[in-house]
Number of protein chains: 2
Amino acid sequence: MKYNQVTIKDIARELGISPSTVSRALKDHPDISPETKKAVNELADKLNYQPNIVALSLRQSKTNTIGVIIPELVHFFFSTVISGIEDVAYSAGYNVIITQSNESLQREKTDIKALFNSRVDGMLISVSRETSNFDHIDNILAKGVPMVFFDRVYENSNSSRIIVDDLSGAKEATLHLIEQGCKRIAHLEGPPNLEITKQRLEGYKQALQEHNIPIDPSLIVACPLGTIEEGKKATEILLAMDEKPDAIFATNDPAAMGSMQAIKEAGLKIPQDIAIVGFSNWFFTALLDPPLTSVDQPGFEMGQEAAKLLIRQIEVKSKNHDVELQPETKVLKTRLIVRDSSLKKGKKK
Amino acid sequence: MKYNQVTIKDIARELGISPSTVSRALKDHPDISPETKKAVNELADKLNYQPNIVALSLRQSKTNTIGVIIPELVHFFFSTVISGIEDVAYSAGYNVIITQSNESLQREKTDIKALFNSRVDGMLISVSRETSNFDHIDNILAKGVPMVFFDRVYENSNSSRIIVDDLSGAKEATLHLIEQGCKRIAHLEGPPNLEITKQRLEGYKQALQEHNIPIDPSLIVACPLGTIEEGKKATEILLAMDEKPDAIFATNDPAAMGSMQAIKEAGLKIPQDIAIVGFSNWFFTALLDPPLTSVDQPGFEMGQEAAKLLIRQIEVKSKNHDVELQPETKVLKTRLIVRDSSLKKGKKK
DNA sequence: GAAGTCACCGCAATCGGTTGCTAATATATA
DNA sequence: TATATATTAGCAACCGATTGCGGTGACTTC
């Protein structure tokens with residue numbers, strides 16, 4: 001939009017010098033005399049000159065903008081990640097364009113194209129629930145666009161990625177339930193396409209195996225959407241079994257909440273009858289009744305790390321076109337936040 | 001970032017024609033022969049030509065980007081608004097840059113400057129809790145940047161705005177409590193700078209007056225941050241009174257939740273001893289124990305309306321530089337969602 | 001056969017800023 | 001005084017796309 005902004009030419013005209021001299025004076029170029037610099041800077045201040053970023057972007061073939069694709073903004077975890085991204089990006093002088101795939105592959109495809117067309121300098125991506133084919137991403141990667149994945153990553157790319165240690169987190173959660181004396185621990189499994197789903201399932205299994213508890217497939221119930229409703233339904237199925245589970249480890253917090261609803265409606269007590277652990281530590285989990293034990297994922301930190309990695313990649317590339325940075329994988333630690341929903345034995349430690 | 005993208009010149013060179021002809025051919029200009037158009041379009045398809053948006057922005061002095069400033073992304077309400085904004089913006093061909101003030105005036109100032117420097121075509125703003133001086137906004141408004149405020153608006157500007165009917169919503173909530181037989185209804189008041197705080201307080205007062213209930217200043221407790229902790233503390237003060245309130249209408253949901261915690265810890269029952277109503281209908285309010293009655297604000301719709309208004313303003317302005325659109329104020333209806341936390345008399349209707 | 005008409009296309013300026021190269025002036029040196 | 005050197009600043013091209021205007025060639029018309 002044209003705001004009648006002052007340009008370098010306005011300053012040049014006013015001082016009777018050329019635009020190039022003004023440009024150099026503003027950047028403290030040694031070719032320019034101190035007097036000229038002084039005059040230029042004073043007038044620039046007076047007129048409140050602000051360089052036109054669009055012109056700069058065109059000239060330098062660099063927009064100082066990074067694009068972000070996330071599944072859904074309204075998820076506490078993702079909005080926390082965004083805050084982390086913005087934190088790092090803004091202090092490094094980058095703008096952030098956020099797009100939501102709404103868990104739709106179709107939307108993800110158009111998002112990534114739109115970001116590419118906007119000539120963002122790089123992208124931060126967490127793929128949608130539906131994404132099992134990655135051609136649209138390979139396409140853009142092939143053009144040399146720096147890309148860093150976070151949380152829900154593209155496994156087979158050799159891009160950098162920031163993940164949390166889902167396996168350990170899930171294992172720790174399950175071990176905690178075992179330690180509380182639970183014998184029949186069910187698992188609400190998440191969207192099958194996502195690596196995080198597999199990791200959490202694997203962590204669950206490993207914990208059981210370590211304690212020689214047989215893995216009962218009927219105790220693993222699918223929640224491909226990971227919603228409250230699904231968690232509730234899945235739990236109702238579990239409650240209808242002859243041998244009910246005495247604990248549930250859910251792939252995420254909404255599913256865990258659905259579980260809690262189903263259990264309460266069945267007239268059972270949490271954690272006495274059935275203990276529950278969720279995943280993500282959504283901020284309201286502490287406010288549920290009973291407060292929900294959950295595996296905390298450091299969202300803000302994940303955003304920060306992802307942005308840092310991407311920006312480093314961008315800057316290396318713009319300096320030296322040939323050097324390719326080795327892809328890095330950064331694994332962030334999870335932390336089990338124990339609350340009442342899983343404490344059969346009462347507080348420990 | 002330079003992606004070795006094909007440009008109009010590449011196509012021109014390949015076909016042995018001039019860039020201007022390619023440009024016109026791509027836009028179906030009548031001066032160009034059908035054969036040339038066909039050749040150009042085919043080659044453009046083959047090379048997967050995508051126009052450089054940055055160059056277009058510079059040429060047209062229009063970035064097709066709108067900037068958004070919100071207090072905090074992690075608030076359910078605001079992230080819902082963002083989704084509404086993106087919904088409208090993307091289908092109108094606009095990108096969205098989101099910045100968070102984190103409820104800080106200082107940050108709001110730098111955000112607005114950064115957006116201005118990025119030459120966004122317009123801005124959507126919801127001011128921070130701290131904003132009582134609006135010079136930084138007037139500054140930008142004076143340069144002719146289209147601006148629409150939402151939820152937390154700048155009262156004295158003659159910009160368009162989208163608000164919810166906070167007064168009616170608050171009044172309805174209070175009337176509901178009165179109808180439930182409550183006599184001593186307390187109010188947890190929000191950040192004093194915000195107009196929405198005043199409106200909600202006013203709605204509360206009007207409801208009491210209509211039923212000839214005297215307004216007791218000691219029942220109005222300040223929660224200038226509107227956090228859970230504040231709501232809890234404020235409620236503890238109320239519970240320490242000789243004559244305890246029998247209901248609390250909180251300025252927002254976190255404060256209401258703090259209230260619930262304090263009441264439970266005091267061994268009192270909700271709603272039997274004290275009924276509670278919140279404001280905003282955060283999505284997890286339904287999951288609390290008891291589920292919280294709250295005033296629903298249509299966030300998604302608010303985002304849509306704000307974006308629509310802004311884009312209309314931008315497009316009118318870019319077509320006709322002189323015409324100024326009359327500022328509009330759009331008031332969205334709230335809806336009281338009655339849940340157990342306020343039902344002293346049991347379900348009605 | 002000269003002038004007019006029309007279809008088609010290219011030149012060059014433009015948006016705002018950057019930068020390699022050159023030019024002009026001043027000063028130092030031979 | 002003539003030449004070398006340093007200092008300072010301007011010219012012009014460039015990033016990629018758009019667009020007013022002018023030019024070329026073919027065809028029509030009187």
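What you are looking at is a predicted structure, and each value in this text was computed from that prediction instead of being measured.
Among the protein residues, B:Asp31 comes within range of the nucleic acid bases, having at least one heavy atom under 4.0 Å from a base atom. Within 4.0 Å of B:Ser20, counting heavy atoms only, lies at least one base atom of the nucleic acid. Among the atoms of the strands shown, only primed sugar atoms or phosphate atoms (P, OP1, OP2) are found under 4.0 Å from some heavy atom of B:Thr36. Residue contacts for A:Ile32: at a heavy-atom cut-off of 4.0 Å it reaches the sugar-phosphate backbone alone, with no base atom in range.
Nearest nucleotide to the side chain of A:Leu56, out of C:dG17, C:dG16, D:dT18: C:dG17. For A:Ala55, whose side chain is taken as the heavy atoms from C-beta onward, the closest listed nucleotide among C:dG17, D:dA17, C:dG10 is C:dG17. For B:Ile8, whose side chain is taken as the heavy atoms from C-beta onward, the closest listed nucleotide among D:dT18, D:dA9, C:dG16 is D:dT18.
Partner of A:Glu108 under the side chain to side chain donor-acceptor pair (under 3.5 Å) criterion, chosen from A:Thr99, A:Thr131, A:Asn102: A:Thr131. Shown are A:Asn52, A:Asn95, A:Asn64; of these, the side chain to side chain donor-acceptor pair (under 3.5 Å) with B:Ser118 is made only by A:Asn95. Screening A:Ile140, A:Val68, A:Val148, A:Ile66 for a side chain to side chain contact (heavy atoms under 4.5 Å, CB included) involving A:Met123 leaves a single residue, A:Ile140.
To the nearest angstrom, P of D:dA12 lies 17 Å from CZ of A:Arg59. Spacing between atom CD of B:Gln60 and atom C1' of D:dG16 amounts to 12 Å, rounded to whole angstrom units. Whole-Å rounding puts the B:Asn52 CG to D:dT18 P distance at 10 Å. Note: NZ (B:Lys9) to P (D:dC14) measures 8 Å, nearest angstrom. Rounded to whole Å, atom P of C:dC15 lies 14 Å from atom CG of A:Leu58. Remark: P of D:dT18 and CD1 of B:Ile11 are 11 Å apart, rounded to the nearest angstrom. Straight-line distance from the CD atom of B:Glu35 to the C1' atom of C:dA7: 11 Å, rounded to whole Å.
The shortest distance between side-chain heavy atoms of A:Ser159 and A:Leu141 falls below 4.5 Å. Residues A:Leu43 and A:Tyr49 have side chains not in contact (no heavy-atom distance under 4.5 Å, counting atoms from C-beta outward).
Across its full length, the helix from C:dG1-D:dC30 to C:dA30-D:dT1 shows an angle of 80° between the axes of its 5 terminal pairs at either end, rounded to 10 degrees.
For the contact set between residues 21-30 of chain B and DNA chain C, defined by any heavy atom under 4.0 Å, the members are B:Thr21, B:Arg24.
Heavy atoms only, all atoms of each residue included: B:Phe150 and B:Ala306 are closest at CB-CB, 4.3 Å. Minimum heavy-atom separation, B:Asn133 to B:Leu105: O-CD1, 4.4 Å. Of all heavy-atom pairs between B:Asn41 and B:Leu26, the closest is OD1-CD2, 3.6 Å.
At the phosphate of D:dG16, neither OP1 nor OP2 sits under 4.0 Å from any side-chain N or O atom of B:Tyr49. Contact between the side-chain N/O atoms of B:Lys37 and the OP1/OP2 oxygens of C:dC8 is not found at any separation under 4.0 Å. Within the structure, every side-chain polar atom (N or O) of B:Ser18 is placed at least 4.0 Å from both OP1 and OP2 of C:dC11.
Looking at A:Thr7, its side chain has no donor and acceptor atom pair within 3.5 Å of the base of C:dC15.
Aromatic ring orientation, B:Tyr154 versus B:Phe149: perpendicular (interplanar angle above 60°, classes split at 30° and 60°).
Sequence neighbours left out, the pairs with a member in residues 145-161 of chain B that pass salt bridge (Lys or Arg N to Asp or Glu O under 4.0 Å) are B:Glu103-B:Arg152, B:Glu155-B:Arg161.
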